[in-house]
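Nothing here was measured: the structure is a model prediction, and the numbers come from that model.
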Amino acid sequence: MWSGIVSKSLYETLNVSQNASADEIKKAYRKLARKYHPDINKSPDAEDKFKEINAAYEILSDTQKKQQYDMHGDSMFGGQSFHDFAGGQGGSNLDEILRNIFGGGGGGFSSQSAGFGGHGGFGGFGGFNEPDLDVESRIIIPFDVAILGGKHSVRDGSGSFDIKIPAGIKNGEKLRVKGKGQRHGGQVGDLYIKVGVAESPEYTRDGDDLTKEVDISLKTALFGDKIVVKTPHKEITVKVPAGIRSGQKLRVKGQGVVNRKTKEMGDLYLKLNVSLPKIDTLDEDLVKIMKEKLPGE
């Protein structure tokens with residue numbers, strides 16, 4: 001149960017309510033961290049604001065630390081808000097500020113009593129998890145780039161850069177770009193890009209296989225012939241057997257999509273559509289013979 005006299009300035013720092021979920025806290029942190037990151041925000045107070053945001057997230061994102069803060073609130077800062085407490089530390093860096101809060105004084109909140117185990121933290125100050133510096137983004141790439149691979153331009157706060165798209169990437173896969181996340185001190189996160197693949201007017205994809213519709217003449221369908229087909233990889237010649245029906249498929253091995261794990265190629269399926277000629281374009285004698293000789297239903 002919340003106490004009406006216990007101030008919760010860290011929640012105010014992240015602009016979330018005191019009953020915010022872990023996801024809400026994380027989303028709020030990421031939004032503010034991007035806004036006040038010193039590499040992006042050049043205002044004089046951006047760096048101090050960025051420190052406050054990170055300190056608030058370090059506490060509220062950890063179950064044990066959050067529980068202690070929820071119980072005691074800003075009494076951990078001598079009754080001040082974290083902003084005022086940090087401002088009164090002279091030009092101390094974040095390590096020193098946190099050490100003052102959790103270093104054994106601060107109303108009995110030592111690192112041992114608060115249960116601050118863990119993963120290192122800011123500048124090696126044991127007890128605080130490192131801030132989440134990774135960034136997520138989403139791009140849409142052309143269908144042929146997904147099939148063949150290539151480069152794609154990505155824009156971030158500092159400009160644009162090219163990333164390598166591996167051949168065979170599927171819709172919804174993620175790519176990791178090292179060193180393109182947020183920066184904090186000497187640390188830098190990574191950029192995780194979720195890839196969306198644009199639809200193709202020519203091909204449909206099923207795993208590593210492709211399907212393409214190809215129109216053929218009635219003559220080719222009846223008597224067979226060779227046709228030239230353009231695949232994503234090259235132009236090929238395909239033999240159409242006599243007597244093929246509209247809608248039937250021909251399999252062309254190894255002209256599909258490369259499997260990124262096995263490096264094996266999928267297949268290309270040609271769905272044949274038989275184009276019927278217009279009667280008024282045919283020779284009159286041929287039409288007469290067809291009427292007499294073609295079997296009925």
Check [X] against [Y] and note the closest heavy-atom contact, atom names and distance.
X	Y	result
D162	K151	OD2-CD, 4.3 Å
K278	T281	O-OG1, 2.5 Å
G168	V257	CA-CG1, 3.5 Å
S275	D215	OG-CB, 3.8 Å
K194	K174	CA-CG, 4.1 Å
I53	A33	CG2-N, 4.3 Å

What distance separates [X] [atom1] from [Y] [atom2], expressed to the nearest 0.5 Å?
X	Y	atom1	atom2	answer
L282	I289	CG	CD1	11.5 Å
E199	T204	CD	OG1	10.0 Å
S17	E12	OG	CD	11.5 Å
L14	K27	CG	NZ	14.5 Å
I163	S153	CD1	OG	9.0 Å
L133	K180	CG	NZ	15.0 Å

Restricting to pairs with a member in residues 284-293, which pass side chain to side chain donor-acceptor pair (under 3.5 Å), not counting sequence neighbours?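 The answer is none; no pair qualifies.
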Ionic contact status for [Y] with [X], cut-off 4.0 Å:
X	Y	result
D267	R251	yes
R260	E173	yes
D70	K66	yes

With heavy-atom distances below 4.5 Å as the criterion, would you say the side chains of [X] and [Y] are in contact?
X	Y	answer
N41	F50	no
L175	I165	yes
L250	I244	yes
F143	E202	no

How about N15: does its CG atom have over 12 heavy atoms from other parts shown lying under 6.0 Å from it?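 Correct, the count exceeds 12.
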Count the heavy atoms of every other residue, nucleotide or ligand shown that sit under 6.0 Å from CZ of R138, and state whether that count exceeds 12.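 Correct, the count exceeds 12.
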Please set out all donor-acceptor pairs under 3.5 angstrom arising from side-chain atoms of residues 228-237, sequence neighbours excluded.
unit_1: T231; atom_1: OG1; unit_2: H233; atom_2: N; d: 3.1
unit_1: T231; atom_1: OG1; unit_2: K234; atom_2: N; d: 3.0
unit_1: T231; atom_1: OG1; unit_2: K234; atom_2: O; d: 2.8
unit_1: T231; atom_1: OG1; unit_2: Q255; atom_2: OE1; d: 2.9
unit_1: H233; atom_1: NE2; unit_2: G256; atom_2: O; d: 2.6

Any donor-acceptor N/O pair, [X] side chain to [Y] backbone, under 3.5 Å:
X	Y	result
R205	G207	yes
D134	D190	yes
T220	I216	no
D206	D209	no
S21	E24	yes

Would you say E213 and N273 are linked by a side-chain donor-acceptor pair, where the criterion is simply a distance under 3.5 Å?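 Yes, side-chain donor-acceptor contact under 3.5 Å.
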Give the cluster check for [X] versus [Y]: same hydrophobic cluster or not, with ILVMFWY residues linked at side-chain heavy-atom distances below 4.5 Å.
X	Y	result
I193	V188	no
V135	I140	no
Y36	V16	yes
M265	I169	no
L294	L276	no

Before giving the answer on side-chain contact (heavy atoms from CB on, under 4.5 Å), spell out for Y203 and T211 the whole-Å C-alpha distance, their side-chain angles and the decisive distance to 0.1 Å. CA-CA 6 Å; Y203 301 96; T211 298; over 6 Å; no
Checking H152 against I141 for the side-chain contact (heavy atoms from CB on, under 4.5 Å) test, could you report, in this order, the C-alpha distance in whole Å, the side-chain angles of both residues, the deciding distance, and whether it holds? CA-CA 7 Å; H152 189 83; I141 62 174; 3.8 Å; yes
Taking the six-membered ring of Y269 (Phe, Tyr or Trp), confirm whether the NZ or CZ of K212 is under 6.0 Å from its centre and within 45° of its axis.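 Relative to the ring axis of Y269, which defines the angle, K212 lies outside at least one limit.
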Residues V154, V177; criterion side-chain contact (heavy atoms from CB on, under 4.5 Å); working and verdict: CA-CA 11 Å; V154 176; V177 185; over 6 Å; no
Quick one, D208 with K170, criterion side-chain contact (heavy atoms from CB on, under 4.5 Å). Give me CA distance, side-chain angles, the key distance, then yes/no. CA-CA 9 Å; D208 300 327; K170 296 178 181 178; 4.2 Å; yes
